[in-house]
Amino acid sequence: MPDENLQASHESKRLLVMDVDSTLIDEEVIDLLGEAAGSGACIADITRRAMLGDIDFKAALSERVALLKGMPVGTLDSVFDRLHFTKGALEMIDTAHERGWTVGVVSGGFSELVEGLVRRAHIDHSLANHLGIADGVLTGLTVGPVVTKDTKLEALRRWAAEDGVSMAQTVAIGDGANDIPMIRAAGVGIAFCAKPVVQQAAHYAIQQRDLMQVIDIIDGHTQS
């Protein structure tokens, strides 16, 4: 006869995975880098169209990163200092950890900045792109595989398996078109202050910039 306590413990485990830009944090990092490079308006327009799903994210990333070529690597630190955790983000992560859950972030942004956020927020898993750097400046290229909607979904599934969490007990949170596959695949998919196409794909939508509402949704979903 199975141990009911062990079964209950397993079923109560969850994995929360979220996007970074405009979800975990208020800003779009690539747009801030664009401002610093003097290409702010151009990069912001590409970002907007990519998040709406109007253009391929991989191509959009390549186009935007190319506009950063020659930027001193020290600018990354200046941009990091301008980032702000979204209201409720740290409280949501702390609550998740208090309940024995794990938390991950998947970002089409850059590990050079994401990892600092991961350390500050004590996040368990992370996946982001890597910027090419040579002789103290950005090369205008990324290094290694590009994080896409498909790799975000793969990360959700991989981390769930590693943490011993069923897909039914996963939560995915995001705002852009490249978050849709993981939002659809998760047991609880949440569109956070998202584009209409993302809201249509999600189980739930949050319209206010307060990530503690995620906990309310999970609790309500569990009771329903």
Side-chain angles (χ1 to χ4, degrees), residues 2-25 57-58 85-86 88-109 111 114-115 117-130 144-192 194 198-206 211-224:
D3 187 317
E4 292 183 0
N5 290 330
L6 284 177
Q7 183 177 359
S9 175
H10 175 74
E11 290 178 351
S12 67
K13 292 180 66 176
R14 285 191 180 274
L15 165 67
L16 274 60
V17 175
M18 77 192 95
D19 180 39
V20 174
D21 294 61
S22 296
T23 302
L24 175 67
I25 60 174
F57 181 82
K58 203 168 184 178
F85 285 106
T86 298
L90 297 179
E91 292 85 352
M92 178 194 71
I93 294 167
D94 287 345
T95 300
H97 285 151
E98 287 168 4
R99 296 183 178 190
W101 304 347
T102 48
V103 180
V105 291
V106 283
S107 177
S111 62
V114 169
E115 287 308 311
L117 298 169
V118 166
R119 288 191 295 272
R120 287 190 179 183
H122 307 292
I123 290 167
D124 305 289
H125 304 287
S126 65
L127 177 68
N129 295 306
H130 296 271
V146 171
V147 176
T148 65
K149 61 184 181 180
D150 297 318
T151 51
K152 285 189 173 192
L153 173 58
E154 290 167 7
L156 173 70
R157 288 174 170 161
R158 182 175 71 254
W159 295 338
E162 291 173 358
D163 295 344
V165 176
S166 70
M167 284 299 293
Q169 294 294 99
T170 61
V171 180
I173 311 156
D175 73 301
N178 62 337
D179 299 314
I180 289 176
M182 72 171 185
I183 285 173
R184 283 179 171 159
V188 179
I190 301 173
F192 183 74
V198 185
Q199 294 185 40
Q200 291 168 11
H203 306 109
Y204 301 94
I206 294 174
L211 278 170
M212 273 302 286
Q213 291 189 30
V214 168
I215 301 298
D216 296 335
I217 286 174
I218 295 170
D219 289 346
H221 180 85
T222 301
Q223 294 166 11
S224 62

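Values below: every heavy atom of this structure, side chains too, minus hydrogens, waters and symmetry copies.
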Asker: Out of curiosity, T102 OG1 to I93 CD1, how far, rounded to the nearest 0.5 Å?
Answerer: 12.0 Å
Asker: Taking the side chain as every heavy atom from C-beta outward, state whether L117 and I123 have any pair of such atoms under 4.5 Å apart.
Answerer: no
Asker: Grab the two heavy atoms, one from L153 and one from P181, that are nearest each other, plus how far apart they are.
Answerer: CD1-O, 3.9 Å
Asker: Under the side chain to side chain contact (heavy atoms under 4.5 Å, CB included) rule, collect the residues that match up with N129, sequence neighbours excluded.
Answerer: L61, F110, V146, V147
Asker: Please report the closest heavy-atom contact between A185 and M167, naming both atoms and the distance.
Answerer: O-CE, 3.5 Å
Asker: To the nearest 0.5 Å, how far apart are CD in E115 and NE2 in H130?
Answerer: 7.5 Å
Asker: Could you check whether any side-chain N or O of T170 sits under 3.5 Å from a backbone N or O of G187, counting only pairs where one atom can act as donor and the other as acceptor?
Answerer: yes
Asker: Please check if the number of heavy atoms outside R120 that lie under 6.0 Å from its CZ is greater than 12.
Answerer: no
Asker: Donor-acceptor pair, distance only, cut-off 3.5 Å: does the side chain of D124 make one with the backbone of V103?
Answerer: yes
Asker: Check whether any side-chain N or O of T86 sits under 3.5 Å from a backbone N or O of L24 as a donor-acceptor pair, and report yes or no.
Answerer: yes
Asker: Considering non-hydrogen atoms only, spot the tightest contact between G189 and A202 and give its length.
Answerer: O-CB, 3.6 Å
Asker: Does the side chain of N178 come within less than 4.5 Å of T148's, by heavy atoms?
Answerer: no
Asker: Can you name the side chain to side chain contact (heavy atoms under 4.5 Å, CB included) partners of E162, sequence neighbours left out?
Answerer: H125, R158, W159
Asker: Taking the side chain as every heavy atom from C-beta outward, state whether M18 and V214 have any pair of such atoms under 4.5 Å apart.
Answerer: no
Asker: Is the side chain of D179 donor-acceptor paired with the backbone N or O of G176 at a distance under 3.5 Å, no angle test?
Answerer: yes
Asker: Can you tell me how far apart OH (Y204) and CD (Q213) are? Round to the nearest 0.5 Å.
Answerer: 13.5 Å
Asker: Side chain to side chain contact (heavy atoms under 4.5 Å, CB included) for R14 and V188? Distances and angles first, verdict last.
Answerer: CA-CA 10 Å; R14 285 191 180 274; V188 179; 4.3 Å; yes
Asker: Is K13 reaching over with its side chain to a backbone N or O of D163, donor-acceptor style, under 3.5 angstrom?
Answerer: yes
Asker: Less than 4.5 Å apart, any side-chain heavy atom of L16 and any of I218?
Answerer: yes
Asker: Can you name the closest pair of heavy atoms from A121 and L90 and give their distance?
Answerer: CB-CD2, 3.7 Å
Asker: Can you measure from CE (M212) to CG (D94) and round to the nearest 0.5 angstrom?
Answerer: 9.5 Å
Asker: Any non-hydrogen side-chain atom of K152 less than 4.5 Å from a side-chain atom of D19?
Answerer: yes
Asker: Just how far is it from atom CD of E154 to atom NZ of K149, taken to the nearest 0.5 Å?
Answerer: 12.5 Å
Asker: Any donor-acceptor pair under 3.5 Å linking the side chain of Q199 with the backbone of A194?
Answerer: yes
Asker: Please report the closest heavy-atom contact between G104 and L15, naming both atoms and the distance.
Answerer: N-CD1, 4.4 Å
Asker: Exactly one of T23, I183, I173 should register a side chain to side chain contact (heavy atoms under 4.5 Å, CB included) with I190. Which one does?
Answerer: I173
Asker: I need the minimum non-hydrogen distance between V165 and Q169, along with the two atoms involved.
Answerer: CG1-CB, 3.6 Å
Asker: Report yes if some heavy atom in the side chain of V106 is under 4.5 Å from a heavy atom in the side chain of L156; otherwise report no.
Answerer: no
Asker: Which value, rounded to the nearest 0.5 Å, describes the distance between I217 atom CD1 and F192 atom CZ?
Answerer: 10.0 Å
